[in-house]
Amino acid sequence: MNVKPILASNCLVFLPSRLLTLLAILTLSVSFSAVGQQPGADGMGDALYPQLGNGGYDVRHYTIGLNYEPELNRIRATTVISAVATHALSRFNLDFYGLTITLLSVNEVAAALDRIGQELIISPAESIAAGEPFSVTVKYSGIPAPVEDPAVPWTKLGWHEYAEGAIATTNEPSGAMNWFPSNNHPLDKATYTFRITVPVGLTAAANGVLTQTIDNGDDTSTYVWQMRDPMSSYLATVVIGDFTVERDDTGPVPIRNYLPRDLSDDAKEALAKTQDMMAWMIDKIGPYPFEAYGVVVVPGFRSALENQTLSTFSPHMLLPSIIMHELVHQWFGNSVSPAGWQDIWLNEGFATYFEWLYAAETTGSPGIESLIPDLSPALKQPPGSVEADALFGISVYYRGALTLSALRAEVGDEVFFDILREYYQRYAYSVASTADFIAAAEDVSGRELDALFDAWLYSEEMPDLPQSPEHTTQ
Ligand code: TRP
Ligand code: ZN
């Protein structure tokens, strides 16, 4: 702290306020050094979800050990979190909802806990110094409690049992907290190990790669999965069921699909296109970001969700457009994740845009502008400033995608794809905000683009559709 200007100042008029500032600084630093630490915040400042995520630490790795008992839909689990304190911590929070905690320790010493709604408040026996690595072990059990989230009234979030012996987790945006304690915001990415124990006859899949299958000799097996690239908690998944595994190792990325035994031939045929779609995306944007890809198909589930390296599908959603959509999310959404939930159009608008471009390039389909007349009332919602209950609404998907069309018409094909690649490379394995995307677009094009983005992302009235090559129907 440089206090010279005050000492050098001979202007008495300014002295009192400067003195006050100095006093305030001194008082602050005294109270900091006296107490030495402060509680971690209970949120990360998300505009839509102020309570998701927490402050004061950065998670590096989650080890989620989970034992599933199908007859009871009960889980017994231990999650170990390795983190680093970003400031000195007297206490800190995790996000965790429902389930009974039977043991909690920090650096292997029992810690006091409090629970208020989704906040798990942890007071370690000894405070944690700034920059210090620490571990939190949470042992818990029970039947996961449904998480209510205004963004997805049409589906169950978190851990859900679809039939006896068939579970899937679908977190986006807030559901992770019903099955493991976490820093539940996309901003805090970490790597993961899953150790899932199930009765013999069931298979467990999770994000990343299967590194070990252990026969426990007591009619249970443990499946060990490793997600070695950074992942946001909303993309973590465990799926358990009776699956056949179909592999395709003919391309640059191993593809393995976890399928029900009675899946229709049409669905299998649609899935066989994954390798082509993968090649097309790699050509457009760059290498696939993770070690493997695949889908898991869950009867009873009614939607599709891009969990990292393992998208979850309803059997009725195995259409080429949706297969493409979830694959695109591995680049846009999973590798580059939204910095805040209001940036969700960076996921859904991009996935929709590429879904539509792929269809246009491979089948000559006219694309989504042909639907605009029917949709225009719904597209009045500006995709850049959605509320939680419109997070996955049509405007985020379609007007988000049309924002990219408008950009392409404005800057031309070559600059447009340069912008997308530059944006992707800048933020791969990390997070980006809408402002980050606009900055990348302006940097690459060398133009002021605020007016275009304001009109498309933030104005009530949707601008007229630009004329660009991909809008011409054959
Ligand atoms: N991201 C999904 C998509 O690809 C939509 C979605 C969000 C979702 N949350 C979900 C689907 C929860 C199933 C369950 O469009
Ligand atoms: Zn999507």
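Counting convention: from 1, in listed order, for ligands and their atoms alike.
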Using a cut-off of 2.8 Å, find all protein N, O or S atoms closer to the Zn ion (ligand 2) than that distance.
His325 NE2, His329 NE2, Glu348 OE1
Check the angle between the aromatic planes of [X] and [Y] and answer parallel, tilted or perpendicular using the 30° and 60° thresholds.
| X | Y | result |
| --- | --- | --- |
| Trp179 | Phe194 | parallel |
| Tyr427 | Tyr423 | tilted |
| Tyr397 | His325 | parallel |

Min side-chain heavy-atom separation Pro338-Tyr234 under 4.5 Å
yes
Going by the atom numbers of ligand 1, which of them fall below 4.0 Å from some non-hydrogen atom of [X]?
| X | answer |
| --- | --- |
| His325 | 3 (C), 4 (O), 15 (O) |
| Phe301 | 13 (C) |
| Val152 | 9 (N), 10 (C) |
| Glu306 | 1 (N), 2 (C), 3 (C), 4 (O) |
| Thr155 | 12 (C), 14 (C) |
| His329 | 4 (O) |
| Tyr397 | 2 (C), 3 (C), 5 (C), 15 (O) |

Can you tell me if [X] has over 12 outside heavy atoms packed within less than 6.0 Å of its [atom1]?
| X | atom1 | value |
| --- | --- | --- |
| Arg195 | CZ | no |
| Phe92 | CZ | yes |
| Asp265 | CG | no |
| Glu148 | CD | no |
| Lys189 | NZ | yes |
| Arg115 | CZ | yes |
| His316 | NE2 | no |

How does Ala304 reach ligand 1, by side chain, by backbone, by both or by neither, if only non-hydrogen atoms under 4.0 Å count?
backbone
Under 4.0 Å, heavy-atom basis, I'd like to know which part of Phe313 is in contact with ligand 1: side chain, backbone, both or neither.
neither
Does the separation of the ring centres of Phe437 and Phe350 fall below 6.0 angstrom?
yes
Taking the six-membered ring for Trp, are the ring centroids of Phe332 and Phe354 within less than 6.0 Å of each other?
yes
Give me the residue, atom name and distance of the protein heavy atom closest to atom 4 (O) of ligand 1.
Glu326 OE1, 2.9 Å
heavy-atom search around atom 7 (C) of ligand 1 in the protein gives Glu172 OE1, 3.1 Å
Distance-only N or O hit between ligand 1 and [X], under 3.5 Å:
| X | value |
| --- | --- |
| Trp154 | no |
| Ser303 | no |
| Thr170 | no |
| Glu348 | yes |

